[in-house]
Amino acid sequence: MIKQWLLTIIIFGPMLGAAFIMTFRGKQDRIAYLSRWLALITSSLVFLISLLILVFFEPDSANFQLVQKINWIPSLSSSYHVGVDGISIWFIMMSTLLTPICILASWEAIQKRVREYMVAFLVLESMIVGMFCALDILLFYIFFEALLIPIFLIIGVWGGVHRVYAAFKFFLYTLVGSVLMLLAIISMYCYTGTTNLLTLMQTRFLPEMQTWLWLAFFFSFAVKVPMWPLHTWLPDAHVEAPTAGSVILAGILLKIGGYGFLRFSIPIFPDASADFTPVVYALSVISVIYTSLVALVQEDMKKMIAYSSVAHMGFVTVGIFTMNIIGVDGSILYMLSHGIVSSALFLCVGAIYDRMHTRAIKFYGGIAKNMPRYAIIFMLFMLASIGLPGTSAFIGELLILTGAFQVNTWIAAFIASGLILGAAYMLHLYRRVVFGKLENEKLNTILDLSPREIAIFTPLIILVFCMGIYPSIFTDMMSASVESLITNYKAALDENAIINLTAR
Amino acid sequence: MYAAIVFLPLISALISGFGDKKLGDKGVQIVTCATILIVSILSIVAFWEVALNGSYQTIKLFTWINSGILKVNWALRWDTLTAVMVIVISVISFCVHMYSVEYMKDDPSIARFMSYLSLFTFAMLILVTSDSLIQLFFGWESVGVISYLLIGFWYDRSSANVAAFKAFLVNRIGDFGFLLGIFCCFVIFGSVDFNTIFLNVPKMANKTFNFLLWDNINAITVASIMLFVGAMGKSAQLGLHTWLPDAMEGPTPVSALIHAATMVTAGVFLVARMSPLFELAPKSLVFVTNIGAATAFFAATIALTQNDIKRVVAYSTCSQLGYMFFALGVSAYPAAIFHLVTHAFFKALLFLSAGSIIHALNNEQNMKNMGGMWRKTPWTYVMFWIGNLALIGIPFFAGYYSKDIILEAAFASHTRTGKFAFWIGILTVLLTAFYSCRLLFMTFHGKSRMQNSSTFKNAHDPSPIMLIPLLVLAIGAIVSGIAGYKYFVGSQMAGFWGSTIKILEEHNTINAAHHYTPIWVKVLPILLGFIGIFLAYIVYVLQPGVPKKIKNAIRPIQLFLLNRWYFDELYNYLFVRNSWKLGLLFWKTGDNTIINGFGPDGISAVTKWCAKKVATWQTGYLYHYAFAILIGLVALISWQLAFGS
């Protein structure tokens with residue numbers, strides 16, 4: 001019983017909390033106070049409940065587990081159908097973990113419309129978890145679209161100076177992508193008469209149709225990843241979003257693209273995926289090198305980290321399309337690691353932004369003197385971001401590069417050069433912000449991290465090392481699903497080869 | 001015990017790093033020094049058991065990576081090579097720890113420094129005990145990071161920060177090669193474990209694959225060259241050496257431990273460890289020999305002209321590493337490791353002695369401002385002589401034995417590159433003797449160039465806490481050659497190394513060296529060493545005006561050397577400036593103008609423009625609309641009349 005309802009509880013739990021927060025009446029201060037605490041409690045509870053997924057999950061099986069299926073729109077034969085497998089499980093955990101962290105990070109930074117802000121965050125969590133759990137493509141689409149609304153509001157209402165421009169840019173970019181995806185979903189429904197993901201995975205679409213459907217999905221996911229040249233919304237959105245918004249953007253929203261490739265593009269359209277692999281490689285390599293160079297010359301801390309995200313996601317797309325176990329394992333681990341590390345980096349930037357209200361790199365310098373604890377933590381995540389062995393990112397990078405090297409040495413060499421550039425821009429940033437002489441007088445009074453801030457960073461630090469030193473915890477959970485993904489993909493291609501042979 | 005040797009320094013680093021408030025500076029110093037002392041003692045026991053009694057073992061800790069066919073464990077591998085490295089690392093590390101207690105006593109962040117030193121020791125130990133290429137890479141990168149932290153230890157100095165940045169980045173370029181090497185090995189052998197690789201190397205000797213531009217190239221050659229590129233980065237070989245001299249911005253104990261004795265020799269260790277691979281890749285061996293020989297010569301020429309006392313020693317390190325590499329290249333792996341050991345002692349001694357001088361003179365590093373120090377610091381003076389004689393290779397000092405066998409092996413290899421390396425090596429002996437004595441005479445002899453300053457007047461030998469480590473190292477610099485010769489490269493060689501290092505029968509240059517070396521090959525280096533000392537004595541003590549004349553006579557060459565062959569300028573011009581330009585181009589033109597211009601901003605502008613134009617038609621006047629309807633009606637009727645059926 002509990003197994004069946006577990007995912008539903010996790011999906012709608014935060015919404016329930018949000019509804020409760022909406023009922024608060026009274027003075028502004030009191031509402032703000034109560035909503036902060038209630039949002040924190042709700043999201044923490046949801047996180048604790050989501051740990052049960054790990055308990056119930058059977059790692060040896062590649063099937064969807066904890067499945068719940070309720071008839072929903074019978075005329076479309078769509079149902080409310082949710083479940084997890086080894087690919088989605090860690091994304092769900094990541095979302096439930098990052099939400100309480102985001103709420104804690106906004107504790108003092110957000111002072112206006114606190115109630116609405118917390119509601120937006122809780123609704124966002126619901127949508128994200130729902131999207132990762134959805135096994136019905138229509139349901140997925142609804143969650144996928146609906147999560148744009150809260151994040152649009154978070155950027156547009158609580159963002160920086162140019163928040164409206166950034167919010168609209170972000171919204172329109174993703175909307176154009178999703179419209180194409182909607183068209184693809186409709187045509188898939190017309191072809192098969194169902195929106196059930198499991199059935200669709202069994203269906204072989206005609207190669208020509210696959211090409212168009214793949215492109216429609218690809219466009220939507222490539223915006224989310226984001227891949228060059230569809231990435232320009234990201235720097236703006238990150239720069240303008242409040243810290244917690246950046247954390248969610250980097251930590252989870254960017255993973256939707258990669259997840260989408262693994263969940264939809266590859267299993268449903270194997271032939272088209274194989275055909276388009278070179279395109280993906282080319283775009284990824286450009287992403288890595290181009291955006292790394294752009295990151296090098298940035299003067300705004302957040303913008304630099306935003307560009308570095310694009311570069312890192314280039315690794316992920318290469319890893320996914322290597323279509324071997326090592327590469328795919330690597331890209332999932334790398335997405336998780338990037339979710340932790342870049343979130344933490346945005347929190348690091350947020351910590352000094354809250355104190356000084358500027359993100360200009362020039363403003364800072366020499367803050368190691370007054371903020372030793374901050375310097376250590378920032379250093380740690382900076383090193384994790386450039387893939388120091390022993391931290392989470394290294395495992396991901398190593399596996400992706402190994403997988404890529406097996407496929408094509410050029411790709412591996414190109415994206416490995418991103419490691420050099422990555423070290424260059426991150427160390428450059430760190431040196432200018434933290435090291436050096438403290439020359440700006442305004443920095444003389446800057447305070448070191450508060451216990452609340454340390455509490456935010458602690459779980460992230462633990463995870464970074466845990467994933468770096470003993471990543472088997474993560475890979476063991478997903479190995480069965482990844483293996484079956486690759487096997488099915490290879491089988492589909494082989495089948496095709498046989499058909500082609502007989503046709504000749 | 002074997003695990004304790006590796007992990008004790010980590011524990012002490014964590015305790016002193018996080019418990020510095022509770023322990024206090026004194027407590028931290030005691031904890032870290034005591035731990036390293038224990039580790040040193042244990043490592044001697046381990047050396048006895050593993051290297052001398054041959055009880056090799058691998059301790060598996062737990063699974064690290066398990067993905068598809070890639071399986072890596074955390075494991076500690078103990079064989080002779082490891083034991084030799086461990087003993088060098090722990091003993092030198094202990095000396096440096098102890099020395100730092102006094103050297104850094106006025107620094108505000110003692111705990112941080114001691115904790116970094118211990119952490120470095122841990123990382124280095126992990127590196128040498130690793131059982132797979134990936135764990136080795138873990139240690140490799142970790143020592144790089146800690147070296148980065150220690151070079152930039154005084155983070156408020158901009159030059160130190162730049163040097164640290166540069167060190168990390170240049171090493172990353174090497175690591176790029178190293179990673180590709182690891183991938184090559186994985187593709188060839190399906191594993192990154194040393195045992196699997198070594199077992200399967202003979203079977204794979206003729207395997208070919210496509211690598212970048214090259215189709216059907218010998219796989220093992222590519223793998224070994226790529227691994228060697230990693231070694232070039234870490235060991236500062238020609239081309240990737242530019243970070244090492246700048247790394248001298250760090251505190252002097254750091255230079256002694258990391259940039260002379262241990263970390264920079266990791267490249268030598270790597271090649272020796274991978275000897276089964278390199279043995280079957282003769283082209284790679286030629287490459288290694290050439291690079292090593294070129295570095296030995298090139299770095300020595302630069303050392304002739306530098307005026308910063310630490311930079312001279314740094315270039316000398318670079319040059320000595322060149323010796324080690326060409327020894328590796330002629331398959332004299334044991335000789336290279338032997339030189340690594342003796343070099344660790346005498347170079348750490350030189351650095352720490354230089355540190356004593358710098359300490360005595362209040363952080364003065366420029367030799368032009370020194371002179372006449374021998375009266376003020378007689379102990380340091382003696383130590384410096386011992387280190388120098390060992391470096392030059394004067395008989396009975398450690399360096400003599402190791403450098404001699406390297407040169408003999410190169411001579412005995414009877415290949416063109418071997419001969420090339422031999423003559424370069426001989427020439428470099430002369431240069432080495434000259435620059436090291438130049439350093440010594442400029443610092444200790446003649447009149448002080450800061451005669452009247454109170455700094456010079458108050459200069460004195462350091463306290464016993466700093467002198468004892470110097471003494472230990474001096475003993476090492478004298479006896480390690482005589483004591484080790486028999487085991488490392490002499491009669492006990494085969495038994496001592498066991499299965500650790502693999503040398504093909506036809507490559508066994510050390511044996512060849514023992515049997516057919518003409519007497520002049522043995523005598524020539526010694527002779528040149530003395531000539532070098534003598535020349536330096538004439539030029540810098542007897543005729544102090546001569547250097548200036550020589551300088552003026554060969555001005556262009558002198559400038560070329562003083563500016564370090566213009567490597568920094570070249571790299572700056574080629575890579576740094578261009579990446580900056582490209583970054584700006586991509587950002588301003590690529591992202592902002594083209595992508596945003598034709599993408600979101602452009603589309604929204606066009607939409608807005610269209611909307612505005614269309615909006616002007618909505619005038620609100622009835623007769624405008626009526627007119628439009630009329631026009632439309634007329635057009636429709638005309639069309640119907642003209643084209644209708």
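Only a predicted model underlies this, so the values are computations on that prediction, with no experimental measurement involved. We name chains A, B, ... by the order of the sequence lines, and we start the count at 1 in each one. Any value given below was found using the heavy atoms of this structure, including those in side chains, with hydrogens, waters and symmetry copies removed.
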Under 4.5 Å heavy-atom distance to chain B, tell me which part of Leu230(A) shows up: side chain, backbone, both or neither. neither
Which answer fits Asn210(B), side chain, backbone, both or neither, if we ask what part of it has an atom under 4.5 Å from a heavy atom of chain A? backbone
Which region of Met379(A), side chain (C-beta onward) or backbone (N, CA, C, O), has a non-hydrogen atom less than 4.5 Å from a non-hydrogen atom of chain B, or is it both or neither? side chain
Cut-off 4.5 Å, heavy atoms of chain B, and the answer for Thr475(A) is side chain
So do Phe405(A) and Trp410(A) actually touch side chain to side chain, heavy atoms under 4.5 Å? no
Could Glu299(A) and Arg432(A) be called an ion pair, given the rule that one side-chain N must be under 4.0 Å from one carboxylate O? yes
Looking only at Val176(A), Thr402(A), Ile325(A), the option with the highest number of non-hydrogen pairs under 4.5 Å against chain B is Thr402(A)
Would you sort out whether Phe138(B) and Phe394(A) count as a ring-ring contact (aromatic ring centres under 6.0 Å, His included), showing the intermediate values? CA-CA 9 Å; Phe138(B) 168 80; Phe394(A) 171 69; 8.0 Å; no
Can Lys302(A) and Glu240(A) be counted as an ion pair, charged N to O under 4.0 angstrom? no
Sort Leu213(B) into side chain, backbone, both or neither according to what part of it lies under 4.5 angstrom from a heavy atom of chain A. both
Is the centre of the Tyr470(A) ring less than 6.0 Å from the centre of the Trp64(B) ring? no
Using 30° and 60° as the class limits, which term best fits the ring planes of Phe209(B) and Phe211(B): parallel, tilted or perpendicular? parallel
Under 4.5 Å heavy-atom distance to chain A, tell me which part of Leu179(B) shows up: side chain, backbone, both or neither. side chain
Can you tell which part of Trp154(B) gets under 4.5 Å to a heavy atom of chain A, answering side chain, backbone, both or neither? neither
Chain B contact via Ser417(A) - which portion, at a heavy-atom distance below 4.5 Å: both
So for Ile395(A), is it side chain, backbone, both, or neither that comes closer than 4.5 Å to the heavy atoms of chain B? side chain
Turns out that what part of Phe168(A) lies under 4.5 Å from chain B's heavy atoms comes down to neither
Charged N to carboxylate O below 4.0 Å: is that the case for Lys169(A) and Asp236(A)? yes
Under 4.5 Å from any heavy atom of chain A, what part of Ser579(B) do you find: side chain, backbone, both or neither? both
Contact part of Phe186(B) toward chain A, heavy-atom cut-off under 4.5 Å: side chain, backbone, both or neither? side chain
With a 4.5 angstrom heavy-atom cut-off, is it the side chain or the backbone of Val162(B) that approaches chain A, or both, or neither? both
Which bit of Trp233(A) is near chain B, if near means a heavy-atom gap under 4.5 Å: side chain, backbone, both or neither? neither
Portion of Ile386(A) that has a non-hydrogen atom of chain B nearer than 4.5 angstrom: both
Contact origin within Tyr290(A) toward chain B - heavy atom pairs under 4.5 Å: both
Part of Leu172(A) lying under 4.5 Å from any heavy atom of chain B: neither
Counting only non-hydrogen atoms closer than 4.5 Å, does Phe176(B) touch chain A with its backbone (N, CA, C, O), its side chain (CB onward), both, or neither? side chain
Residue among Ala404(A), Ser472(A), Ala412(A), Pro372(A) with most heavy-atom pairs under 4.5 Å to chain B: Ser472(A)
In this structure, are over 12 heavy atoms from other groups packed under 6.0 Å from Lys362(A) atom NZ? no
Test: Arg112(B) cationic atom under 6.0 Å from Phe153(B) six-membered ring centre, within 45° of axis: yes
Could you check which of Leu582(B), Asp175(B), Leu584(B) has the highest count of heavy-atom pairs closer than 4.5 Å to chain A? Leu584(B)
Using non-hydrogen atoms and a 4.5 Å limit, figure out which bit of Leu383(A) sits close to chain B: side chain, backbone, both or neither. side chain
Only pairs of heavy atoms separated by less than 4.5 Å count here; which of Val297(A), Val294(A), Leu296(A) has the most with chain B? Val297(A)
Pairing residues for Thr409(A) by the side-chain hydrogen bond (donor to acceptor under 3.5 Å, both in side chains) criterion, not counting sequence neighbours: none
Is it the case that the side chains of Tyr307(A) and Gln298(A) hold a donor-acceptor pair, with the cut-off being a distance below 3.5 Å and no angle test? no
I'd like to know which of Gly365(A), Pro235(A), Ala368(A) tops the heavy-atom pair count under 4.5 Å against chain B. Ala368(A)
So which residue, Asp591(B), Val187(B), Ile595(B), ends up with the most heavy-atom pairs under 4.5 Å with chain A? Asp591(B)
What part of His231(A) is in contact with chain B, defined as an atom under 4.5 angstrom from a non-hydrogen atom: side chain, backbone, both or neither? side chain
When you look at NZ of Lys369(A), are more than 12 heavy atoms from neighbouring residues, nucleotides or ligands closer to it than 6.0 Å? no
